[in-house]
Structure formats: structure tokens, C-alpha cells
**Student:** 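I have a structure here, written as C-alpha cells, and I will follow up with some questions on it.
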Amino acid sequence: MLSFKNITLRRGTRVLFANTSFTLHKGQKVGITGANGVGKSSFFALLRNEIQADEGDFTMPPHLEVAHVAQETPGTEQAAIEYIIDGDQELRKLEKEISLAEQANDGIKQAELFSKMEIIGGYTARVRAARLMSGLSFKTSQETHSVNSFSGGWRMRLNLAQALMCRSDVLLLDEPTNHLDLDAVIWLQDWLCKYTGTLLLVSHDREFLDTITDHIVHIEHQVATIYTGNYSSFEKMRAEKLAQQQSSFEKQQREIAHIQSYINRFRAQATKAKQAQSRIKSLERMEIIAQAHVDSPFHFSFSTPEKLPTPMIKLDKADIGYGESPILKDVDLFIAPDSRIGLLGPNGAGKSTLIKALANELTVTSGEIQHASTLKLGYFAQHQLEQLHLDMSPLWHLQKINSKATEKDLRNFLGGFNFKDDKIFDPIEPFSGGEKARLVLALIVYQNPNLLLLDEPTNHLDLEMRHALSMALQDYKGAIIIISHDRHMLRSVTDELYLVANGSVTSFDGDLDDYRTWLNEQKLLANTPTGNADNNPAINKKEQRKLDAERRKQLKPLYDALKKADKNLEKYYAQQKEFEEQLADSSIYEANNKDKLKKILLEKAQVDLALEETELEWMEISEQLEIE
């Protein structure tokens with residue numbers, strides 16, 4: 001139990017939050033939300049005993065194991081998997097004690113220590129670490145690579161894996177998805193849902209928060225308030241408060257109109273039915289929650305493009321890559337003015353490579369690519385941030401695009417991206433990653449493109465900016481091609497999905513839930529002897545595809561059973577959360593609610609049992625698939 005009583009935290013003379021009281025209980029999964037700079041990182045520092053409360057009392061039981069993701073990674077020759085295993089400090093301590101006991105030839109001590117090693121699962125540590133690496137998109141061959149051989153983003157994944165390796169009582173995660181692709185985000189989400197300790201999570205990924213959390217601590221106006229339920233529940237409660245103060249729903253109505261238009265167009269088409277159903281669910285929720293963002297500091301939109309050529313870009317039998325070995329082969333793609341495409345695919349499959357070719361930053365090695373003469377690209381990628389002039393201001397960057405614009409007009413435009421007052425004149429070098437990303441997006445919006453190529457545009461953006469970007473993209477009249485690990489963004493701005501995998505680009509017949517199933521099938525297939533061409537180099541690609549198809553057919557009953565177990569797990573997790581929310585309401589323990597409480601406890605016990613049985617079933621099927 002973590003207890004906060006009348007806590008006040010300051011950064012220098014500025015109060016972050018004051019007179020804050022609430023209690024977090026064992027096993028709760030808590031999202032920490034609020035604008036940048038309100039004190040989320042300071043809150044974590046308090047939990048890690050790095051700072052003390054300026055006022056009030058924070059207490060937690062002694063000897064709790066608190067895990068967090070290190071922000072720095074030592075440059076070491078240590079193997080990656082050994083670095084991850086270091087996260088289990090008790091295991092490492094036992095290993096040293098066993099070594100000393102062996103040196104002293106103390107058989108009794110060795111027996112005692114071996115017993116402890118069995119109890120803490122020490123003999124499966126390497127397997128656990130390997131699964132963490134696999135889940136975070138590392139290849140098996142990379143387990144023995146030295147830590148310093150990885151780039152910065154991959155080192156952050158190693159740090160995340162090390163934190164997950166710790167058998168912690170409390171886990172602190174601050175933006176864990178920032179350096180992850182969609183596949184790894186989905187895996188981490190599933191892992192955290194099964195985590196049995198107390199989780200405190202800072203994230204700007206709405207769907208990630210929604211699926212995992214059962215409480216939200218929101219910090220604003222120097223107050224930290226706890227809400228029961230996930231992020232959508234919090235938005236609903238906050239919206240109800242804001243609705244009493246403001247009745248404008250302009251943003252909401254635009255978003256609803258866009259989604260309703262999609263539903264009306266596609267709900268009757270079999271190929272789009274699943275995506276239309278996804279929009280219907282989104283619409284049902286949006287009517288309730290959109291009001292929670294009326295006080296957002298971000299207000300911007302795209303102008304209508306001057307020209308919308310058809311096609312904008314056309315790829316015909318194009319090979320794309322670097323050197324003589326293309327990453328993608330025989331790509332056929334027709335981008336129309338109304339195309340709104342989300343790109344899916346495993347890490348390294350070629351999604352960014354395809355975007356670079358479309359942006360004319362990479363030449364196709366064979367085949368043909370045609371760009372319309374009136375094409376006007378808006379290209380966002382992480383390297384675009386590096387091309388900003390660090391010694392210049394936001395205003396200077398806009399004036400380079402349009403030297404004739406008045407300072408007043410440019411001020412008003414930058415204000416929509418929350419660059420206000422003297423901020424527009426400041427050099428951007430000390431800007432945060434989020435501020436630089438906002439500036440790049442502002443430059444793109446200002447140039448009024450007719451095709452947007454967006455490669456992970458939400459990295460570093462907070463929830464309010466993501467919401468504003470999502471709404472602006474829904475109103476945008478041009479074409480969109482987007483890569484994003486933010487599933488809410490993909491669901492709300494795309495009309496069709498393309499899969500980039502196995503050297504090809506194909507239309508994906510399904511939604512993001514189907515993509516999650518596809519990922520699981522690919523991982524399971526890769527673990528089977530015939531699922532990996534490397535095991536039999538004599539087999540050519542055509543024969544390999546045939547073998548893979550036969551293998552999938554043989555395993556289909558197990559895949560179907562696993563899919564059913566997955567759905568049941570989601571259902572029971574949701575029911576469990578619902579019961580926990582009811583039990584968190586103090587009124588349920590009043591005398592007149594005795595029968596209701598008894599009923600809830602009985603039903604919760606039944607759900608807990610069903611959940612336990614389904615988890616066991618899921619594990620048995622997974623193990624059987626691995627054996628098969």
C-alpha cells in the first residue's frame with residue numbers, strides 16, 4: 001500500500017501539486033496523466049526516494065522491490081541477455097553466494113541456496129530473459145551481442161527488459177512505448193496486463209492506458225486527483241465536470257461527422273465491415289469523452305489542398321531498398337486523393353523504407369514510381385527533427401517558408417501549436433523532443449500539402465497534442481499514409497491498412513485486432529521447425545511458402561483455440577476490473593448494501609476462477625504450439 005497524505009511537491013519555488021491525498025493498493029494498475037511539466041517525473045522520483053515531499057507524508061511498506069527503467073545504459077561488452085538478467089538482483093546475489101559456498105566446499109549451504117534458487121525461479125531466468133527480448137523485437141541471434149553494439153533506441157529496450165526482469169512489487173514505467181514499434185507495444189501491453197504487482201504508468205498512448213489501467217491519477221492546476229477506472233472512464237468523468245463550464249462541442253462534432261461518414265460509406269461493404277464496426281465503437285465512446293479536451297492548448301487544422309491529382313503516386317512492380325538486395329519487391333501501389341492508409345508490419349520489414357521511396361528520398365532499384373506533377377508532400381520522420389536549425393526560433397522557421405507573411409499571422413498560427421509569447425523568438429536548441437516534433441508538424445501544416453507521409457508522428461507528443469493531431473487529420477482533405485504505434489491514431493484517421501512483411505506490400509483484410517492475431521501466428525510459426533527457412537537452406541522460397549501454408553492449416557485448430565482463449569481473457573479481465581471498481585466505492589460497504597456486496601463478491605470469485613482456468617488453458621495451448 002502506497003499512502004499519500006497532504007503531499008506538496010515543488011520544483012524550485014514552483015508548486016507542482018499541493019494538499020494531495022490518496023492511497024494506492026497492492027495490484028492496482030495506475031496511469032499517471034497530465035500536461036508536460038506538471039510533476040509526473042517528480043512523482044516517480046518521490047516513489048524512488050530520490051526526493052522528499054516538501055509537505056505531508058508519503059509512506060510505503062518496508063522492503064518493497066521497486067523497479068524502474070534506467071535512463072542511461074552503460075557502454076559495456078556484457079552480453080545483452082546477461083545485462084537483462086541483472087535486473088533480477090536477488091538472483092544475482094544468490095549466484096554469488098552459491099559461488100562462495102562452492103569455493104568453501106560447504107555442501108549444506110549450497111543445498112540451502114539451491115533450494116532458494118528453485119523457489120525464485122532462478123533456473124528459468126535465461127528463458128525469461130530470452131522471452132523478454134523476443135517480445136521487444138530482438139532477434140535470437142542478438143542475445144549474445146554486447147550491450148554497446150546497440151543503438152540508443154535499442155539500448156532503451158534493453159533497459160525496459162531489465163526492469164521487467166525484476167520480480168518487483170512496484171513497477172514504475174515512464175513512457176515505455178516511446179522507443180517501441182507497434183508489435184512490441186502490443187506485446188508489452190499483454191505482459192503488463194498479467195503483471196501481478198502494483199504498476200504506475202506514464203503514457204501518452206490512449207489505447208495502451210485504456211487496456212492496462214484500472215485507476216488514473218491526473219495532475220492539473222497543482223492538484224493530483226485519483227479516478228477509478230481506465231483512461232476512458234477518467235475522460236468521461238472529467239468531461240462531465242468541464243461540460244458544466246463550457247458547452248462548445250465543435251471539435252467533437254467534426255470528429256463524429258468524419259467517423260459517421262466512414263460508417264455510412266463502408267458498413268455495407270464486406271471488405272470494410274470490420275473497420276466500420278471499429279468506427280462505430282469509437283463513435284459511441286467519443287460522444288461521451290471528446291468534451292474532456294475542450295481546454296486543450298492546441299488548436300490547428302489543415303487548409304484544403306489547392307490540387308488533388310489522380311493518382312498522386314503510383315508504384316508499378318517496384319523494388320525498393322539499398323544496394324543490390326531490395327527490402328521490398330514487386331510493389332504495386334496506387335495512391336488516390338482520398339487514400340488514408342495505415343502501414344503495418346514487423347520491425348525492420350520495410351515500412352519506413354517504403355515511406356522514404358514515396359517521399360523521393362530513396363530511388364527504386366527496378367520497376368517504376370510515378371509522382372504527380374502537382375504533388376505537394378508533407379513528410380514527417382524522426383530525422384526531420386534533426387534538420388531544424390537549432391540556433392533559430394520557431395518564427396524564423398516559418399518566415400523561411402513565407403517571408404511575406406505578417407508577424408501577427410505567424411504568431412496566431414504558432415499559437416495553435418502552443419508556441420506563445422516570447423517562445424516564438426527563442427532558439428529551439430533547448431526545446432524538448434515534444435516541442436521540436438510540434439514545430440516540424442507546424443511547418444508541414446503551414447505548407448498546405450496534398451499528401452501526408454507520417455512516420456511515427458506521435459513520438460514525444462502528449463495526449464492533448466495527439467488528440468489535436470488526430471482531429472486535424474480527420475478533417476484533412478488530402479491523402480494520408482501513416483506508420484504509428486499509437487493504435488487510437490491508426491483507428492481514427494485511416495480507412496485501409498496495408499501489411500509490409502516478407503518483402504512485399506499487400507492490402508490487409510482486417511483490423512488492428514486481426515493484426516494482433518496475425519503477429520501471434522507469425523511468432524508461433526517462426527518457432528516451428530518448418531516455419532523457418534534458415535533451418536533448411538535447400539528449400540526454395542516457393543516451396544517454403546507451400547510448407548508454411550500446410551503448417552498453418554495443420555495448426556489452425558490450435559490457433560483458433562488460442563484466439564478464443566485470448567478473447568475470453570480480455571472478457572474476464574474487463575469483468576474483473578468492473579468488480580474491482582464497484583468494490584472501490586465506499587458506499588458498497590454500507591449496511592443497506594449488504595446483499596449487493598455479497599453478490600458482487602460471489603460473482604467476482606467466479607470470474608477470478610474462470611480467469612485463472614483460462615490463463616492455464618492459454619499457456620497449455622501456447623506450449624503445445626511450440627512443441628508442434
**Student:** In Å and rounded to the nearest 0.5 Å, what is the CG to NZ distance from Leu91 to Lys116?
**Tutor:**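 Leu91 CG to Lys116 NZ: 13.5 Å, rounded to 0.5 Å.
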**Student:** Hydrogens and angles aside, do Ser232 and Asp210 bring a side-chain donor and acceptor to less than 3.5 Å of each other?
**Tutor:**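 On atom types as modelled, these side chains qualify, holding a pair under 3.5 Å.
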**Student:** Please say whether more than 12 non-hydrogen atoms of neighbouring residues, nucleotides or ligands are located less than 6.0 Å from CD in Glu578.
**Tutor:** no
**Student:** Taking the six-membered ring where the residue is Trp, are the ring centres of Phe150 and Phe138 under 6.0 Å apart?
**Tutor:** yes
**Student:** Of all heavy-atom pairs between Leu490 and Ser484, which one has the smallest distance, and what is that distance?
**Tutor:**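 Leu490 and Ser484 have their closest heavy atoms at CD1-O, 3.4 Å.
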**Student:** Indicate whether any N or O donor in one side chain lies under 3.5 Å from an N or O acceptor in the other, for Ser203 and Tyr231.
**Tutor:**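 Side-chain D/A pair, Ser203 to Tyr231: absent.
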**Student:** Under a plain distance cut-off of 3.5 Å, with no hydrogens placed, do Thr517 and Asp514 share a side-chain donor-acceptor pair?
**Tutor:** no
**Student:** Any side-chain to backbone donor/acceptor pair from Ser432 onto Glu435? Under 3.5 Å, distance only.
**Tutor:** yes
**Student:** So, Asn148 and Ser146: side-chain donor and acceptor under 3.5 Å apart, yes or no?
**Tutor:** yes
**Student:** Any carboxylate oxygen within less than 4.0 angstrom of a Lys/Arg side-chain nitrogen, looking at Arg491 and Glu207?
**Tutor:**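 Salt bridge flag = yes for Glu207 with Arg491.
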**Student:** Any side-chain donor paired with an acceptor under 3.5 Å for Arg340 and Gln474?
**Tutor:** no
**Student:** Please name the pair of heavy atoms, one in Trp154 and one in Leu136, separated by the smallest distance, quoted to 0.1 Å.
**Tutor:** CZ3-O, 3.7 Å
**Student:** I need the minimum non-hydrogen distance between Leu182 and Arg487, along with the two atoms involved.
**Tutor:** CD1-CG, 3.5 Å
**Student:** Donor-acceptor pair, Tyr515 side chain versus Gly345 backbone, under 3.5 Å?
**Tutor:** yes
**Student:** With sequence neighbours excluded, what pairs up with Asp174 under the salt bridge (charged side-chain N to carboxylate O under 4.0 Å, His left out) test?
**Tutor:** none
**Student:** Show the nearest heavy-atom pair for residues Leu24 and Gln28, with the distance to one decimal.
**Tutor:** CA-OE1, 3.5 Å
**Student:** For the pair Ile81 and Thr144, evaluate side-chain contact (heavy atoms from CB on, under 4.5 Å) and give the outcome as yes or no after the intermediate values.
**Tutor:** CA-CA 6 Å; Ile81 195 165; Thr144 55; 5.5 Å; no
**Student:** Strictly distance-based, threshold 3.5 Å: is any side-chain N or O of Lys26 a donor or acceptor partner for the main-chain N or O of Thr198?
**Tutor:** no
**Student:** Decide yes or no for Phe208 and Thr213: does some side-chain heavy atom of the first lie under 4.5 Å from some side-chain heavy atom of the second?
**Tutor:** no
**Student:** With a 4.5 Å cut-off on side-chain heavy atoms, are Leu164 and Ile84 touching?
**Tutor:** no
**Student:** Under 3.5 Å, side chain of Glu613 to main-chain N/O of Ala610, donor-acceptor pair present?
**Tutor:**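 A pair under 3.5 Å: no.
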**Student:** Crowded around Gln89 CD? As in, over 12 foreign heavy atoms under 6.0 Å?
**Tutor:** no
**Student:** Does Gln142 use its side chain to pair, donor to acceptor, with the backbone of Lys139 at less than 3.5 Å?
**Tutor:**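 A pair under 3.5 Å: yes.
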**Student:** Which pair of heavy atoms, one from Leu201 and one from Phe44, lies closest together, and at what distance?
**Tutor:**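 Looking at all heavy atoms of both residues, the closest pair is N-CZ, 4.3 Å.
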**Student:** For Trp191 and Trp187, take the angle between the two ring planes, folded into 0 to 90°, and tell me which bin it lands in: parallel under 30, tilted 30 to 60, perpendicular over 60.
**Tutor:**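 Answer is tilted, since the angle falls between 30° and 60°.
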**Student:** Evaluate the criterion salt bridge (charged side-chain N to carboxylate O under 4.0 Å, His left out) for residue pair Glu97 and Arg92; output intermediate values, then yes/no.
**Tutor:** CA-CA 9 Å; Glu97 291 177 353; Arg92 289 307 198 198; over 6 Å; no
**Student:** With a 4.0 Å cut-off on N to O distance, would you call Lys436 and Glu386 a salt bridge?
**Tutor:** no
**Student:** Is any side-chain heavy atom of Ser504 less than 4.5 Å from a side-chain heavy atom of Val331?
**Tutor:** no
**Student:** Given side-chain contact (heavy atoms from CB on, under 4.5 Å), test Asp319 with Asp330 step by step and report yes or no.
**Tutor:** CA-CA 6 Å; Asp319 287 359; Asp330 294 328; 4.0 Å; yes
**Student:** Checking side-chain contact (heavy atoms from CB on, under 4.5 Å) for the pair Leu461/Leu469: CA distance, chi angles, key distance, verdict?
**Tutor:** CA-CA 10 Å; Leu461 300 183; Leu469 177 60; 4.2 Å; yes
**Student:** May I ask you to decide whether Arg206 forms a salt bridge with Glu235, counting only side-chain N to carboxylate O separations under 4.0 Å?
**Tutor:** yes
**Student:** With a 4.5 Å limit on heavy-atom distance, are the side chains of Asp214 and Asn230 in contact?
**Tutor:** no
**Student:** If I take atom CG from residue Leu160 and atom CG from residue Leu188, how far apart are they, to the nearest 0.5 angstrom?
**Tutor:**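 Here the interatomic distance stands at 5.5 Å.
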**Student:** Please enumerate all residues that pass salt bridge (charged side-chain N to carboxylate O under 4.0 Å, His left out) together with Arg438, with sequence neighbours excluded.
**Tutor:**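 Listed in chain order: nothing, the list is empty.
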**Student:** With side-chain hydrogen bond (donor to acceptor under 3.5 Å, both in side chains) as the criterion, how do Thr365 and Tyr322 come out once you've worked through the C-alpha distance, each side chain's angles and the decisive distance to 0.1 Å?
**Tutor:** CA-CA 8 Å; Thr365 56; Tyr322 307 87; over 6 Å; no
**Student:** Would Phe234 and His218 count as a close aromatic pair, with their ring centres under 6.0 Å?
**Tutor:**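 When the ring centroids of Phe234 and His218 are compared, they turn out to be within the sub-6.0 Å range.
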**Student:** Would you say Asn159's side chain and Ala70's backbone share a donor-acceptor pair under 3.5 angstrom?
**Tutor:** yes
**Student:** Please round to the nearest 0.5 Å and tell me the distance separating atom OG1 of Thr196 and atom CZ of Arg167.
**Tutor:** 11.0 Å
**Student:** Atom CE in Met165, atom CG in Leu132: separation rounded to 0.5 Å?
**Tutor:** 6.5 Å
**Student:** Please confirm whether the backbone N or O of Ser507 pairs with a side-chain atom of Glu496, one donor and one acceptor, at under 3.5 Å?
**Tutor:**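 Answer holds: no.
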**Student:** Is any side-chain N of the basic residue among Lys40 and Glu175 closer than 4.0 Å to the acidic one's carboxylate O?
**Tutor:**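 The answer is no: the pair does not qualify as a salt bridge.
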**Student:** How long is the gap from CG on Asp169 to CE on Met60, to the nearest 0.5 Å?
**Tutor:** 8.0 Å
**Student:** Is the backbone N or O of His488 less than 3.5 Å from a side-chain atom of Ser492, with the two atoms forming a donor-acceptor pair by type?
**Tutor:** yes
**Student:** So Arg516 and Asp190, do their side chains get closer than 4.5 Å, heavy atoms only?
**Tutor:**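 Side chain of Asp190 against side chain of Arg516, heavy atoms only: contact under 4.5 Å found.
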**Student:** Would you kindly say whether His68 and Arg48 are connected by a side-chain donor-acceptor distance under 3.5 Å?
**Tutor:** yes
**Student:** Could you pull out the closest heavy-atom pair between Pro457 and Leu441, with the gap in Å?
**Tutor:** O-CD1, 4.4 Å
**Student:** With ring centroids as reference points, do Trp518 and Phe508 lie under 6.0 angstrom apart?
**Tutor:** no
**Student:** What residues, two or more places apart in sequence or in another chain, satisfy ring-ring contact (aromatic ring centres under 6.0 Å, His included) together with Tyr379?
**Tutor:**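 With sequence neighbours excluded, Tyr379 shows a ring-ring contact (aromatic ring centres under 6.0 Å, His included) to His383, given in chain and number order.
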**Student:** Does CD in Glu50 sit with more than 12 non-hydrogen atoms of other residues, nucleotides or ligands closer than 6.0 Å?
**Tutor:** yes
**Student:** Do His485 and Asn459 touch side chain to side chain, with heavy atoms closer than 4.5 Å?
**Tutor:** yes
**Student:** Pair Arg157, Asp181 - check salt bridge (charged side-chain N to carboxylate O under 4.0 Å, His left out), show working.
**Tutor:** CA-CA 11 Å; Arg157 294 192 191 207; Asp181 52 38; 3.7 Å; yes
**Student:** Without swapping roles, check the side chain of Gln162 against the backbone of Tyr83 for a donor-acceptor pair under 3.5 Å.
**Tutor:**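 Pair found, side chain donor or acceptor close to backbone of Tyr83.
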**Student:** Any chance NZ of Lys96 has more than 12 other-residue heavy atoms, nucleotides or ligands included, within less than 6.0 Å?
**Tutor:** no
**Student:** Is the shortest heavy-atom distance from the side chain of Val30 to the side chain of Tyr227 under 4.5 Å?
**Tutor:** no
**Student:** Can you find a pair of side-chain heavy atoms, one from Tyr498 and one from Thr506, that are under 4.5 Å apart?
**Tutor:** no
**Student:** I need the Lys351 NZ to Ile481 CD1 distance, nearest 0.5 Å.
**Tutor:** 14.0 Å
